[in-house]
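As a basis for the values below, the full set of heavy atoms in this structure was taken, side chains included, without hydrogen atoms, waters or symmetry mates.
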Amino acid sequence: MIEEGDKAEERDMEYPDSNSEMSEVQLLQTLSDLREKMAALEKERSEHLLEQDLYKTLANSSQVGVYILQDRKFQFVNPHIAEYAGYREEEMVGMESLSLIHPDDRLTARKNAIRMLKGQRFSPYEFRIITGDGRIKWIMETSTPIYYRGKRAVLGNSMNITGQKEARNRLEELEALESSILDAIPHAVVGLHNRRFIFANNAVQDVFGWLPEELIGRSVRLIYRNDADHDEIARRFYDSLEKQRTYSTEFPCRHKDGHEIICLMRASRIGERLTERRIVVTYEDITERKKAEKELEESREKMRNLSIHLQSVREEERTRIAREIHDELGQSLTAFKMDLSWLGKRMTSEKLLHDKIKAMSGLVDRTIESVHRISADLRPGLLDDLGLVAAMEWQAKEFSARSGIACEADLEAEDVPLDKEPATAVFRIFQETLTNVARHSNATKVFVRLETKGDKVILEVTDNGRGITQKQINDPKSFGIMGMRERALLWGGDVQVIGSRSRGTTVKVSIPLKSGEKE
């Protein structure tokens with residue numbers, strides 16, 4: 001522009017006219033205006049460069065993403081926004097800002113930005129972007145109206161919150177999962193801090209009649225009968241949880257309507273230590289179960305008493321029958337034998353009659369032996385007269401004589417201090433054990449040991465037979481084993497049967513010494 005003005009001046013000097021002075025003034029004015037405009041443009045250019053340098057300096061020193069938009073295009077971006085967007089800075093300048101935003105979030109993000117630029121929104125807004133390599137990230141952003149290079153523009157400040165968003169989502173999912181788990185538990189689950197409710201699941205309504213929201217912030221005293229119970233269970237919980245991670249107990253509680261319930265309570269501390277007195281407690285209403293257990297125990301007690309009575313009646317009946325057989329039938333047979341002997345002495349001349357009487361006399365002797373054996377099987381007189389040890393010694397000898405199986409007995413020299421009924425139970429179990437050995441074991445030897453250990457009488461019978469199997473032990477048709485166990489159970493004892501293939505079977509019986517001690 002300055003060069004073309006100098007040439008015009010030379011032409012005017014070469015061809016002067018009447019208006020040459022006026023033209024020179026105009027020219028000088030034009031040159032002056034041009035200089036002013038150039039100075040103004042230079043000043044504006046310097047201001048724009050200064051403004052741009054200022055924005056760049058501030059943006060590059062910021063710890064968040066900063067950009068400037070004009071006509072919806074990036075005019076400037078700092079390294080932070082370029083880094084999380086996945087582009088170079090020079091690639092983003094001139095790019096449409098909406099092209100970076102996830103299609104599903106563009107409309108919402110634009111509306112939020114417009115509202116903030118108009119002063120109708122003050123909180124940051126969130127949206128998703130698609131990075132240069134195709135990943136999706138979450139951005140939190142604010143927008144401010146500014147002038148840039150003499151034109152209206154938008155200054156944006158954005159932050160990559162993908163990690164926080166994912167953590168928040170995971171936390172929400174975890175909280176939702178925890179809530180679902182709590183609600184799936186049929187027992188009441190509550191969290192306590194200094195004995196006040198901090199959370200409760202929906203099952204508290206089923207157990208206590210309270211809605212969860214009615215309990216939050218209130219004292220746990222609500223679900224106990226009185227202050228004493230409230231203090232007692234707190235003492236148990238906190239004393240135990242100081243030393244161990246969990247604690248459980250049964251304790252009476254109170255329903256919202258005032259009636260008493262029994263709860264199985266399990267408590268666990270929150271965290272490794274109990275310094276903040278934060279615990280989780282589950283409450284299971286076991287009122288009906290305890291009632292049923294009590295009724296069942298009472299029924300079992302009645303059945304035991306009935307069984308004891310029946311066993312006693314049975315033994316008494318055995319004793320009576322044995323006595324009658326021994327006394328009545330035995331005496332009659334003895335008298336009959338005496339009569340046969342008398343006849344035999346008077347019929348010596350008649351050989352046939354004499355032989356017949358002799359045969360009849362032998363039959364009577366065998367019948368008398370059978371009477372004695374049957375009488376002893378029904379009720380050994382030794383058991384009543386001399387006690388358990390003597391009766392067992394006799395039974396061991398009888399068993400060997402009948403079965404041909406050697407029976408070695410190691411019995412205490414003194415009689416075992418058992419009452420009549422439990423002593424009879426031990427003896428009958430011993431008889432049943434020997435019977436099973438003779439029938440099933442194929443044994444050649446039996447070892448019997450009877451001793452007292454502490455407050456119990458221990459009977460142990462071991463054979464060297466083929467050994468009972470676990471299937472046979474658990475067979476519901478093993479009435480012999482079932483009978484032995486039932487007899488022992490009536491007096492608070494138990495029977496263990498252990499078998500080893502080809503190495504025999506051991507039956508171990510344990511009966512409390514105290515008379516009448518039943519479970």
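Ionic pairing of Glu293 and Lys290 is present here: one or more N-O contacts between side-chain nitrogen and carboxylate oxygen are shorter than 4.0 angstrom. Comment: Glu214 engages Lys256 in a salt bridge, judged by a side-chain N to carboxylate O separation of less than 4.0 angstrom. Salt bridge annotation for Asp71-Lys73: absent, with no cationic side-chain nitrogen under 4.0 angstrom from a carboxylate oxygen.
The stretch residues 248-290 participates, sequence neighbours left out, in these ring-ring contact (aromatic ring centres under 6.0 Å, His included) pairs: Phe208-Tyr283, His255-His259. Listed by first then second residue, pairs satisfying salt bridge (Lys or Arg N to Asp or Glu O under 4.0 Å) with a partner in residues 92-109 read Asp105-Arg128, not counting sequence neighbours.
With hydrogens and angles left out, the side-chain atoms of Thr108 and Tyr125 include no donor and acceptor closer than 3.5 Å.
Between Glu284 and Thr282, every side-chain heavy-atom pair lies at or beyond the 4.5 Å cut-off. Side-chain atoms of Phe199 and Val190, non-hydrogen and from C-beta on, never get closer than 4.5 Å to each other. Contact annotation: the side chain of Lys165 never approaches that of Met140 to less than 4.5 Å [non-hydrogen atoms, C-beta and beyond].
Here the CD atom belonging to Gln120 is positioned 12.5 Å from the NZ atom belonging to Lys111, to the nearest 0.5 angstrom. Here NE2 of His187 is found 8.0 Å from CG of Leu264. Values are rounded to the nearest 0.5 Å. The structure places OG1 of Thr162 at 5.5 Å from CD1 of Ile139, a figure rounded to the nearest 0.5 Å. Note that the CD1 atom of Ile511 and the CG atom of Leu489 stand 9.0 Å from one another [nearest 0.5 Å]. From Ile262, atom CD1 reaches atom CG of Asp285 across 9.0 Å, with rounding to the nearest 0.5 Å. Atom CG in Asn78 sits 10.0 Å away from atom CD in Glu83 (nearest 0.5 Å).
By the 6.0 Å contact criterion, NZ on Lys445 is open, its count of non-hydrogen atoms from other residues, nucleotides or ligands being 12 or less. Within a 6.0 Å sphere centred on CE of Met92, other residues, nucleotides and ligands contribute more than 12 heavy atoms. At most 12 heavy atoms of other shown residues, nucleotides or ligands fall within 6.0 angstrom of atom CZ in Arg152. Applying the 6.0 Å contact sphere to CD of Glu460 captures more than 12 heavy atoms from other residues, nucleotides or ligands.
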CA sep, side-chain torsions, deciding dist, call: Ile468, Ile481, side chain to side chain contact (heavy atoms under 4.5 Å, CB included): CA-CA 11 Å; Ile468 191 171; Ile481 295 176; 3.8 Å; yes
Show me the donor-acceptor pairs within less than 3.5 Å that the side chains of residues 237-245 make with the rest of the protein, sequence neighbours left out.
| from | atom 1 | to | atom 2 | distance (Å) |
| --- | --- | --- | --- | --- |
| Ser240 | OG | Arg236 | O | 2.9 |
| Gln244 | NE2 | Thr246 | O | 2.7 |
| Arg245 | NH1 | Glu272 | OE2 | 3.4 |

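Of the options Asn442, Thr444, Thr505, a side-chain hydrogen bond (donor to acceptor under 3.5 Å, both in side chains) to Asn464 is made by Thr444 and by none of the others. In summary, of the residues considered (Glu408, Gln395, Met392), a side chain to side chain contact (heavy atoms under 4.5 Å, CB included) with Val448 occurs for Met392 alone.
Under the 3.5 Å distance criterion, the side-chain polar atoms of Arg195 are left unmatched by any main-chain donor or acceptor of Ser219.
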